[in-house]
Amino acid sequence: MAIPVHGDSTVIWIDNICVSILNGAFNEAGIERWLSQVRQSWQLQGRPTHWASVLDMFNWQGRTPECEPLMREGVAWSRSHGLQFRILMMERGTANVFFQLTQKANPVMPVGSDFAVCASYDDAIEQLRKRDFIVSLQQLQGLSRPKPIEPL
């Protein structure tokens, strides 16, 4: 019996920056699907050897404990395939506190990894620019925020 997928992901590249938009609460099947999207899109992007990752987690609602080995596998794969820097974009609040506590108690990101947790697009763009990755506010916001639904 197939495990239903929980969590929705979209992966889009802006030059050498991979933007993943994560929505909802993820189970193993959801994480597997997202990691597959990252790997496939990396190949379609020409297998870049120097890239950054931005995880838009504004609508992320967490993950099941069973996802941890997959997350570690994804982090290891990305580092061995040219990832230089990772940004986790999330609002200050419950998800951010959960991530910070989990990272301290049982880190998914290896010690010495170059990553930042940002609560705004401006902060994310500044962190990327410090590392010579260039993206505009319009590019980043245009991808990651759904357009409002117009009333009928």
Ring pair (Phe, Tyr, Trp, His ring centres under 6.0 Å) involving His81 - partner list, sequence neighbours excluded: Trp42, Trp77
Check side-chain hydrogen bond (donor to acceptor under 3.5 Å, both in side chains) between Ser41 and all other residues, then give those that pass, not counting sequence neighbours. Trp13
Is any side-chain heavy atom of Glu32 less than 4.5 Å from a side-chain heavy atom of Leu70? yes
Salt bridge (Lys or Arg N to Asp or Glu O under 4.0 Å) with Glu73: which residues, sequence neighbours excluded? Arg39
State which residues pass side chain to side chain contact (heavy atoms under 4.5 Å, CB included) with Ser36; sequence neighbours excluded, sorted by chain then number. Gln40
Could you list the residues that satisfy side chain to side chain contact (heavy atoms under 4.5 Å, CB included) with Glu126, not counting sequence neighbours? Lys130
Using every non-hydrogen atom in the two residues, find where Ala52 and Phe133 come nearest and quote the distance to one decimal. N-CE2, 3.6 Å
Run the side chain to side chain contact (heavy atoms under 4.5 Å, CB included) test against Ser53 and tell me which residues pass, sequence neighbours left out. Trp51, Leu55, Leu83, Arg86
So which pairs with a foot in residues 11-23 pass salt bridge (charged side-chain N to carboxylate O under 4.0 Å, His left out), sequence neighbours left out? none
Non-hydrogen atoms of Phe26 and Asp8 that approach each other most closely: CZ-O, 3.3 Å
side-chain hydrogen bond (donor to acceptor under 3.5 Å, both in side chains) against Asn23, all qualifying residues, sequence neighbours excluded: Asn59
Mind checking side chain to side chain contact (heavy atoms under 4.5 Å, CB included) for Ala116 and listing every partner two or more places apart, or none if nothing turns up? Phe85, Cys118, Gln127
Which heavy atom of Leu35 sits nearest a heavy atom of Gly74, and at what distance? CD2-CA, 3.8 Å
On a heavy-atom basis, the closest approach of Trp34 and Ser20 is NE1-OG, 2.9 Å
Would you say Met89 and Met57 make side-chain contact, with heavy atoms under 4.5 Å? no
